[in-house]
Amino acid sequence: VVRLDLLEENPYLLDEDFDEVKKNNSDIGGSLDIYTSQPGWYGQSVYGLDGAIRIGSTTSIGALISPTFSCDSSGVTLLFTVKKSEPTDKNPFMVIGIGDQAWGNVLFGGPLSVESEEWVTYVAAIDTIGENTFLYIDTRDNDETAEKETTRIDLDAVYVLPGDRREEL
């Protein structure tokens, strides 16, 4: 069980709940600042849901890039609430990365299969690069043996806390 109540007591490096997002069938990736509490979000194939976003579509891989934040070398704890977009989607997963502003260095936390049709909050610790760090999420098909399909995920919230806080949450 993730103790989200602890977030009130912790300093965020980044927090976004996408509460201002409304349902929209057009790609809002280039205009996310209209809907987010913190400016600097950008995406490709990002669509509005009521209070959440959909990353990816049936025809294209989606990507989401956060505003930059600064952190020390102790890494960060990521909390994100996600679910499978549609019951018919096969093998969706998200790749999570941390990068620097110049894209000269990206650390990938590896793929995460998104199998639940209900909202699930995941907690992960990942190394960081330092100043001007950003969070990168994209969607892909996780089935290496089958014909590739473009997949999508729904994202409800993203929180980034300094250090490895997994045991506290």
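Computed from a predicted structure; not experimentally measured.
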Value for CD1 (I65) from OH (Y136), rounded to nearest 0.5 Å, stands at 6.5 Å

Could you report the tightest heavy-atom contact between R152 and S57, atom names first, then the distance? CB-N, 4.0 Å

Give the cluster check for V123 versus Y159: same hydrophobic cluster or not, with ILVMFWY residues linked at side-chain heavy-atom distances below 4.5 Å. yes

Gap separating the CZ atom of R54 from the CG atom of N25, nearest 0.5 angstrom: 9.0 Å

I153 and V120: same hydrophobic cluster, using ILVMFWY side-chain contacts below 4.5 Å? yes

If a pair satisfies ring-ring contact (aromatic ring centres under 6.0 Å, His included) and one of its residues is in residues 17-64, list it, with sequence neighbours excluded. F18-W41

Are the side chain of D27 and the backbone N or O of S45 linked by a donor-acceptor pair below 3.5 Å? yes

Sole residue of D156, V46, T36 in side chain to side chain contact (heavy atoms under 4.5 Å, CB included) with I53: V46

Could you give the distance from CD1 (I55) to CG (L155), rounded to the nearest 0.5 Å? 5.0 Å

Please lay out, stage by stage, how V114 and T139 fare under the test side-chain contact (heavy atoms from CB on, under 4.5 Å). CA-CA 10 Å; V114 180; T139 61; over 6 Å; no

Could you walk me through whether V158 and L78 pass the side-chain contact (heavy atoms from CB on, under 4.5 Å) check? CA-CA 7 Å; V158 177; L78 307 175; 5.9 Å; no

Looking at side-chain heavy atoms only, is the closest gap between D154 and W119 below 4.5 Å? yes

Donor-acceptor contact below 3.5 Å, side chain E115 vs main chain K84: no

Supply the atom-to-atom distance E16 CD to L135 CG, rounded to the nearest 0.5 angstrom. 12.0 Å

Check whether any side-chain N or O of T81 sits under 3.5 Å from a backbone N or O of T121 as a donor-acceptor pair, and report yes or no. no

Heavy-atom count check: over 12 atoms from other residues, nucleotides or ligands less than 6.0 Å from E20 CD? no

Could you go step by step and tell me if L14 and V76 meet the side-chain contact (heavy atoms from CB on, under 4.5 Å) rule? CA-CA 10 Å; L14 181 70; V76 295; over 6 Å; no

D15 to S37 - nearest heavy-atom pair and separation: O-OG, 3.8 Å

Evaluate the side-chain contact (heavy atoms from CB on, under 4.5 Å) criterion for residues M94 and V82: first the C-alpha distance (whole Å), next the side-chain angles of each, then the deciding distance (0.1 Å), finally the verdict. CA-CA 10 Å; M94 56 191 283; V82 66; 3.9 Å; yes

Non-neighbouring partners of D50 that pass side chain to side chain contact (heavy atoms under 4.5 Å, CB included), sequence neighbours left out: K22, K23

At their closest point, which heavy atom of K83 faces which heavy atom of E117, and how far apart are they? CD-O, 3.5 Å

